[in-house]
Amino acid sequence: MKWFKALNKVQIPAHASIKTIEVNGKQLCIINHEDKIIATQSYCPHAGGHLSGGWCKNGHLICPVHRYAYNLETGRGADGQGDYINIYPTELRDDGLYVGFEESWWSKLWS
Ligand code: FES
């Protein structure tokens, strides 16, 4: 796991809001849901809607386009959707929020 600083503490989105940022070349949504900070991919796998315009309901992120729902802990789509979103681990440190990315076998070869 490789950790990248995503935000300073003052930049962390307020309760019940979503912010789009770029970390390690990936666009992510940073979500403050019930005082837990969650990082997800920014686009919806259904038809590419931008999840930053969505909202949280019953532990799910709802896409604003066709209202598909994704579990905020596992990324799994609701029953019948058959899809998922990537959820990235987050860590709040003294100097801000960090997001972790799995390292692929080929990236280890080049580092
Ligand atoms: S684009 Fe997100 S539900 Fe269709």
Side-chain angles (χ1 to χ4, degrees):
M1 182 79 57
K2 213 169 183 174
W3 293 89
F4 293 84
K5 185 172 179 184
L7 296 170
N8 291 320
K9 277 187 172 172
V10 295
Q11 298 172 308
I12 293 172
H15 178 68
S17 63
I18 302 173
K19 183 179 225 171
T20 304
I21 59 167
E22 190 169 315
V23 184
N24 189 28
K26 286 188 191 320
Q27 198 179 65
L28 305 178
C29 284
I30 304 294
I31 303 163
N32 185 339
H33 177 61
E34 296 178 349
D35 292 326
K36 194 171 171 197
I37 309 299
I38 300 156
T40 73
Q41 68 186 54
S42 62
Y43 65 89
C44 177
H46 175 234
H50 210 284
L51 294 169
S52 65
W55 59 93
C56 298
K57 186 177 176 189
N58 299 331
H60 287 76
L61 175 61
I62 313 297
C63 176
V65 182
H66 307 104
R67 306 199 176 194
Y68 274 30
Y70 298 93
N71 186 293
L72 283 166
E73 283 183 23
T74 66
R76 286 182 58 174
D79 287 348
Q81 287 178 206
D83 59 0
Y84 70 93
I85 57 171
N86 291 319
I87 304 280
Y88 300 91
T90 59
E91 203 171 273
L92 200 52
R93 299 184 187 171
D94 287 344
D95 65 334
L97 180 76
Y98 284 73
V99 177
F101 293 88
E102 292 289 343
E103 289 180 90
S104 57
W105 63 268
W106 53 267
S107 70
K108 288 180 187 166
L109 287 178
W110 299 102
S111 58

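Both counts, for ligands and for their atoms, begin at 1 and track the order of listing.
Those atoms of ligand 1 with a heavy atom of Y68 less than 4.0 angstrom away are 3 (S). Per-residue contacts place A47 under 4.0 angstrom from the following atoms of ligand 1 (heavy atoms of the residue considered): 1 (S). Atoms of ligand 1 found under 4.0 Å from any heavy atom of G49 (numbered from 1 in listed order, with element): 1 (S). Remark: ligand 1 atoms within the under-4.0 Å shell around heavy atoms of C63 are 1 (S), 2 (Fe), 3 (S).
The atom of H66 nearest to atom 4 (Fe) of ligand 1 is ND1, with the search restricted to N, O or S atoms. As for H46, its N/O/S atom nearest atom 4 (Fe) of ligand 1 is the one called ND1.
By the neighbour-count criterion of 12 heavy atoms within 6.0 Å, atom OH of Y43 is sparsely surrounded, having that number or fewer from other residues, nucleotides or ligands. Remark: D79 CG is loosely packed, at most 12 non-hydrogen atoms of other residues, nucleotides or ligands lying under 6.0 Å away.
Aromatic ring centres of Y70 and H60: separated by at least 6.0 Å. Proximity of the aromatic rings of F4 and Y98 is defined here by a centroid distance below 6.0 angstrom, and this criterion is not met.
Between E91 and R93 there is a salt bridge, since a side-chain N of the basic residue sits under 4.0 Å from a carboxylate O of the acidic one.
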